[in-house]
Amino acid sequence: MNTQTISRRRFLFAGAGVAASCALFPRSTFGQEPSRTRLILLGTKGGPSLGRIGRSNAATLILINDIPYVIDCGYGVSRQLISAGVSLDRLRYIFITHHHSDHNLEYGSLFYNSWVTGKGARVDAYGPVGLKKMTWDFFNYQKFDIDTRIVDEGRPDPRRMLFVHEFRNPGPVMNNEHVKVTSYRVQHPPIAEAYAYRFDTRDRSIVISGDTAYAPGLAGFARGADILVHEIMYLPAIEKLISQLPNAKRLRAHLMAAHSLPEDVGRIARDAGVKTLVLSHFVPGDDATITDEQWADGVRKEFSGKIVVGRDLLEI
Ligand SMILES: [Zn+2]
Ligand SMILES: [Zn+2]
């Protein structure tokens, strides 16, 4: 058993110790062929409402050797993929961080759009428990159309082409010759099944936080990553936004328990030692009065690396 095999086994059975295992899995494991990993933000808005200032709902694209890996499917993800230059028939992998609708509303539709665009290629979807039921609920929702098109247009049955992989615990999610994907449970109450994902490729390591309150363990999971994409909430704007609402107190408490303030985001990036921190999933995501400097100011108090204030279709 060579070192590479040992590392691989450690990785595959790491479970909760996944952060340490990432460091044990050498990039050379992926072989000698060149790899190019691109990160494109598809939608940077947090929350399910449709933004007035044009940010699309949460979705992120990682292209590895030109194969798309879509993380979260907020409303608009299909259109944003096309805008990013990825035709929908190229869809291959979908990852869902958690089952809030700003992350999964267009999950079924994205696959469907891929199905009617192309010749019908296999798609693999990964996500927390609940994903299988949601998939079949979607197929039932569109049963009439699907059954009609199979007959009228001679399309293959999409229900046999979407392979759903649910998980209930953090750890290894999938791997192939280009990438190893792992998950980490973050803190997003009341949702217990909320995960961050880490993509390790030959040339880059990218961590997507998903939705989370300050989760100190996330720094270990993201340790040494080239890029951390982290959600962020700007409290002054939230307080202004909700001050007039009858349920303001409860809403504020929920948001504080479930999302990260700029200083917390900076702490995670600093403790993880990442090179670049990308801010995305902005809460609130449709307040045009918040400047890039305001989003980054609190982060910068804790993190001295490169900070990118995300916007839709930005490539990093
Ligand atoms: Zn969200
Ligand atoms: Zn959420």
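Sequential numbering from 1 along the given sequence is applied to the chain's residues. Atoms within each ligand, like the ligands themselves, are counted from 1 in listed order.
- Using cut-offs of 30° and 60° on the angle between ring planes, the pair H188 and H98 is perpendicular.
- Within the structure, side-chain hydrogen bond (donor to acceptor under 3.5 Å, both in side chains) contacts touching residues 245-254 (residues at least two apart or in different chains) are E239-R252.
- Pairs of residues two or more places apart, or lying in two chains, that qualify as ring pair (Phe, Tyr, Trp, His ring centres under 6.0 Å) and include a residue from residues 280-316 are H103-H281, Y234-W295, H259-H281, F282-W295.
- Not less than 6.0 angstrom separates the ring centroid of Y195 from the ring centroid of Y126.
- Distances shorter than 2.8 Å separate the Zn ion (ligand 1) from the protein N/O/S atoms D102 OD2, H103 NE2, D211 OD2, H281 NE2.
- F163 carries R122 over the face of its six-membered ring, with the cationic atom under 6.0 Å from the centre and within 45° of the normal.
- For the ring pair (Phe, Tyr, Trp, His ring centres under 6.0 Å) condition, the pairs that include at least one residue of residues 54-85, sequence neighbours left out, are Y69-Y93.
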